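Keep in mind it's a predicted model, so treat the numbers as computed, not measured.
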Amino acid sequence: MSQTAPRIASDHLPRPFDPEAAERLVERFSERDAAARAFAASAEGVALLGALGGHSSYLADLAVREAPALMRLAERGPDEAFALSLDPLSRADPGAAREAVGVLLRQAKRQAALIAAAADIAGLWTLDQVTGALSAVAEQTIDFACNHLLLAAAARGELRIAAKSPAVGSGLILLGMGKLGGRELNYSSDVDLMVLYDPEAAAYHSDRAGASYVRLARDLVRLLEERTAEGYVFRTDLRLRPDPAATPLAVSLGAAITYYESMGQNWERAAMIKARPVAGDRALGEHFLREIRPFVWRRHLDFAAVADIHSIKRQIHAHKAAKGAGATIALAGHDVKLGRGGIREIEFTAQVLQLIWGGRDPGLRDPTTLGALAALAGAGRIDRRAAADLADAYVFLRNLEHRLQMVADRQTHRLPEDEPGLARIASFMGFASLPEFSAAFFGHLERVERHYGNFFETAPALSLPGGEVQGDLVFTGVEDDPGTAATLKRMGFADPASIAALIRAWHHGRPRATRSARARELLTELMPALLTAFARQSNPDQALVRFDRVLSRLPAGVQVLSLFRRNPALLERVASLLGAAPQLADHLAHNAAALDGLLAGSLSPAGADPSAVLPALVKDARHLEEALEAARRLATERKFEIDAAALEGQLDADTAGELRADLADSAISALLPRVAADFAERYGRVPGGALAVVAFGKLGGREMLPGSDLDLVLLYDHDEDASESIGGRKALAPSEYFIRLAPQVVGAITAPGAEGRLWEVDMRLRPSGNKGPVAIRLAALEQYHQDNAWTWERMALTRARPVAGPPALKRRINEVLRTAILKPGAAEVALADATAMRIRMLKELPPEGPWDVKAMPGGLIEVEFIAQALQLAHAPREPRILATTTRTALARLGQYGVLPPDEASALIAADRLWRTVIGLVRLTIGKSRDAALPAPAEAALLRAVAPLLDPPPVDLPALRAQMQAVAATVRTIFERRVGVLG
């Protein structure tokens, strides 16, 4: 026994279920030769042979036939023995005669199968190692067979290929699908393959290419499946190709891409999660998978896939019920793959969650079931306890599946019907008794069924709790139904005739979203819940009209209506938003995809921020425009989600501002290197050169409000001796290089796309204002602030922070910013200059209405001026007061003695109140000169400010009175600490 080889421990092996069969195997094995006799006489050999022969006649025959391979496993360990079983495939000539190739493939399969079984039964390999090994032997035998068949096609003059590397440039793609694709092959599995070809790649005559590749596919099936004295390699299944009833065995790339782009089904998307090239031209295969990635991983959350894929599962149950195999959980005859609580339910759960969320998060695209469950749990898309239960059950059931198949090398998934058969499997699984096995089996299946049922099989009831909707709701025909009009009137709709006409138009398929039969089906089911949700709004007619605008802009309705059907709480949220917030309603009407954001991720700071996956999405994009669309899509959804949560009181102004800033930071830092790389393809790179983005204002302070634009300055630097860019098609001087690159970065942020634009950008805080170059060299900024900067510009620096760029450049920028803020002499004029500037603003930019709490006396501007001016005035003496966030700066001013603690606390409270009011007003009414607010806006505002005021205001007059008191306090502190405003 090798020192590194894992020893086969007899206590890890199941005891022979059939002792006589075990003894016969020991005798047969001993007759091979002296080495086999010695092994069969050892304790290790007796235990291993007993476990094999005592449970499986197939493994017994295989052990005798491939005795040297089994002894190699015992001597060298399973890893080395397995590698040696496949080694002949790497050394043999694929151009050999067909018969010799067939023998070679079958021998490799036999030896590898024996080693995998023994390593599995002895506990030397985990499930992942077993399925990975079975997948590896399939992949290597298929690859060798393909190379052989390509050389044969070249010898017939059909294809032009390279003899040394037949697959490269051959135009042939073999995709492993299903368990082969996911490296999860079971012991006696078929291999699911898709054969594709590029007719332009290797065919002498394009009109003959299709026939050549179809022949190759047919020959491959025959070579792998044919049973000879040597056995067989693998049963193959080619039915996962596009439209298998109407297409040949090999499908051209163009036809496949067209099919998936126009007709692909949800179940095909699920299948493609695991697809990977296993033979042929692998680079071309990866190219194909990249091209159809948008089909598999949809832009928007895909809840329509849930019902669609679950329908497959219901069909399976219906089919099984007819045969009595797995329709309910049982022991005898239960189908561990397709039955209730089985492997397929675990796989479906993982795959559907991947389809829903994987388009937004590439980290969830793991092709393995266990890997997918772990990733989904890590991302918060499935409960960790549920994921652990499903993973444990998956390992148990896959091991059970392997034992069922090892008995006679049959692709079966059904437990035996008789008690002796069940007892054999229980023993093979290592259980001391059938009751012990039965308890473990039922425990796993019941947990799987419960989790699967919670996810798939719950749906909103068609009748509402408590009979809230009573009476007729009929919207067919062309005339109003009197009973329906009465029902709508009782529900609170002011104009039942108009509402009925609007809904009738939906049922008649006027909007594109309701033109399909399935969409109208869902609409009928939803109608009681939908009308009840909108009837609760203060103006239900107006809210429903806004919903009609949203519906009319949807390209299709099944997905969104399915989403509402599965998530009644979401329907309530949408109705509330449409009733309370015209700004968000308009956003929804123009960006129906923003509905996705209402279900996306956790909004708590401790939760997984969906914007964290933005860099991966941008990096994963095939080209720059796709990267921009990915960023716009996620940012649009995320901004809406944050705004909606802020309106509903789930987020306070501080958290919402931080989340909006995090989103902008993530987008800018992800896009900057992508835009720079795209620019470098044309113009190369400047030696030692780099560009950074510096945020000012609300983004710099991480206090962003709804609709905030981005105050940005772009800075660059490069080696002193750099004279031009190198490595591109055209060289540019360093200054010209960055002056051209900077607008590309700004354009990426501001350019409109299908999802709108990311943000508006304001660059007036750069030294040249809106004039001059967009990008400034860092040394020029440093010089400007040393010699020429105004106090208001230095005040702006207190909220500046680099948000994108190389770490070294960002560190240098921070040093320059700090030096400019602490410049000698600036402190002496800071307070007087800030006072003069505020006096001028009050004259030239007065508040635009009673809710303009930013510009009003004692409003947000004055709070921010206090923080910024006092930092400039006192930071040279006490630099620890510097902070980019206003409330943090105010807290430090209080902590280090610049402000009395009570004044610092009052200003922090005012800052939070003003930002809360501004945010809610922007979301509900936008800009208004009317002191009165619509009822939904008033309710939302009072709810938001209640935690901030003592006592909480009961109505708008009370709120206005408390706001005036806060503003007076701010004005008093301003005049006491900064300067008198007159």
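- Counting heavy atoms from C-beta outward, Phe295 and Arg269 have side chains that approach closer than 4.5 Å.
- In terms of heavy-atom proximity, Arg293 sits nearest to Arg365 at CD-NH1, 3.7 Å.
- Arg702 places no side-chain N or O within 3.5 Å of a backbone atom of Ala661 that could act as its donor or acceptor partner.
- Although no hydrogens or angles enter the test, the distance criterion places a donor-acceptor pair under 3.5 Å between the side chain of Arg660 and the main chain of Met704.
- Across Ile668, Asp709, Asp711, a single residue satisfies side-chain contact (heavy atoms from CB on, under 4.5 Å) together with Leu699, and that is Ile668.
- Not counting sequence neighbours, the partners of Phe534 by the ring pair (Phe, Tyr, Trp, His ring centres under 6.0 Å) test are Phe547.
- Scored by the side chain to side chain contact (heavy atoms under 4.5 Å, CB included) test, Glu625 finds His623, Leu628, Glu629, Arg632 as partners (sequence neighbours excluded).
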- Could you give me the CA-CA distance, side-chain angles and deciding distance for Arg298 and Leu355, then say whether side chain to side chain contact (heavy atoms under 4.5 Å, CB included) is met? CA-CA 8 Å; Arg298 295 281 170 83; Leu355 289 181; over 6 Å; no
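- Proximity of a side-chain donor or acceptor of Glu268 to a complementary backbone N or O of Val296 within less than 3.5 Å is not detected.
- Put simply, the side chain of Leu364 reaches to within 4.5 Å of the side chain of Leu376, judged on heavy atoms.
- Between Asp620 and Trp297, the closest side-chain pair of non-hydrogen atoms is not below 4.5 Å.
- A 4.5 Å side-chain heavy-atom check between Val921 and Asp852 finds every atom pair outside the cut-off.
- Without hydrogens or angle criteria, Asp643 side chain to Pro706 main chain gives no donor-acceptor distance under 3.5 Å.
- Considering CH2 of Trp851 and CG of Leu941, their distance stands at 5.5 Å, rounded to 0.5 Å.
- Thr885 places a side-chain N or O within donor-acceptor distance of the main-chain N or O of Gly701, the cut-off being under 3.5 Å.
- With sequence neighbours excluded, the residues that form a side chain to side chain contact (heavy atoms under 4.5 Å, CB included) with Arg943 are Ala940.
- Side-chain contact between Arg565 and Leu571: absent, with no pair of heavy atoms (C-beta onward) separated by less than 4.5 Å.
- The neighbour count for Lys854 NZ, taken as heavy atoms of other residues, nucleotides or ligands under 6.0 Å away, does not exceed 12.
- Minimum heavy-atom separation, Leu758 to Ile749: CB-O, 3.1 Å.
- Between Leu710 and Ala664, the closest heavy-atom pair is CD2-CB, 4.2 Å.
- How far CG of Leu942 is from CG of Leu956: 5.5 Å, rounded to the nearest 0.5 Å.
- Between the side chains of Gln964 and Arg960, not a single donor N or O lies within less than 3.5 Å of an accepting N or O.
- Side chain of Thr532 to main chain of Ala529: no donor-acceptor pair is present (N/O by atom type, distance under 3.5 Å, no hydrogens or angles).
- A pairwise comparison of heavy atoms in Gly378 and Arg384 identifies CA-NH2, 3.6 Å as the closest pair.
- The shortest non-hydrogen separation linking Pro540 to Ala535 is CB-CA, 3.8 Å.
- Annotation: side chain to side chain contact (heavy atoms under 4.5 Å, CB included) contacts of Arg512 (sequence neighbours excluded): Arg515.
- When each of Leu531, Asn539, Thr487 is tested with Phe493 by the rule side-chain contact (heavy atoms from CB on, under 4.5 Å), just one qualifies, namely Leu531.
- Counting only distance, with no hydrogens or angles, the side chain of Thr655 and the backbone of Leu651 share no donor-acceptor pair below 3.5 Å.
- Among residues two or more places apart in sequence or in another chain, the side-chain hydrogen bond (donor to acceptor under 3.5 Å, both in side chains) test is passed with Asp495 by Ser498.
- The two residues Gln537 and Ala575 make their nearest non-hydrogen contact at CD-O, 3.4 Å.
- Remark: the Glu703 side chain and the Thr886 side chain contain an N/O donor-acceptor pair separated by less than 3.5 Å.
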Compile the donor-acceptor pairs under 3.5 Å between side chains in residues 909-919 and protein atoms, sequence neighbours left out, one pair per line.
{"residue": "Asp911", "atom": "OD1", "partner": "Arg915", "partner atom": "NE", "Å": "3.4"}
{"residue": "Asp911", "atom": "OD2", "partner": "Arg915", "partner atom": "NE", "Å": "3.2"}
{"residue": "Asp911", "atom": "OD2", "partner": "Arg915", "partner atom": "NH2", "Å": "2.9"}
{"residue": "Arg912", "atom": "NE", "partner": "Asp654", "partner atom": "OD2", "Å": "2.6"}
{"residue": "Arg912", "atom": "NH2", "partner": "Asp654", "partner atom": "OD2", "Å": "2.7"}
{"residue": "Trp914", "atom": "NE1", "partner": "Gly858", "partner atom": "O", "Å": "3.1"}
{"residue": "Arg915", "atom": "NH1", "partner": "Asp654", "partner atom": "OD1", "Å": "3.2"}
{"residue": "Arg915", "atom": "NH2", "partner": "Asp654", "partner atom": "OD1", "Å": "2.5"}
{"residue": "Thr916", "atom": "OG1", "partner": "Arg912", "partner atom": "O", "Å": "2.7"}

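- The shortest side-chain heavy-atom distance between Tyr452 and Ile346 does not fall under the 4.5 Å cut-off.
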- Task: Check the pair Arg638 / Asp662 against salt bridge (Lys or Arg N to Asp or Glu O under 4.0 Å), numbers first and verdict last.
- Result: CA-CA 11 Å; Arg638 182 64 170 161; Asp662 289 344; over 6 Å; no
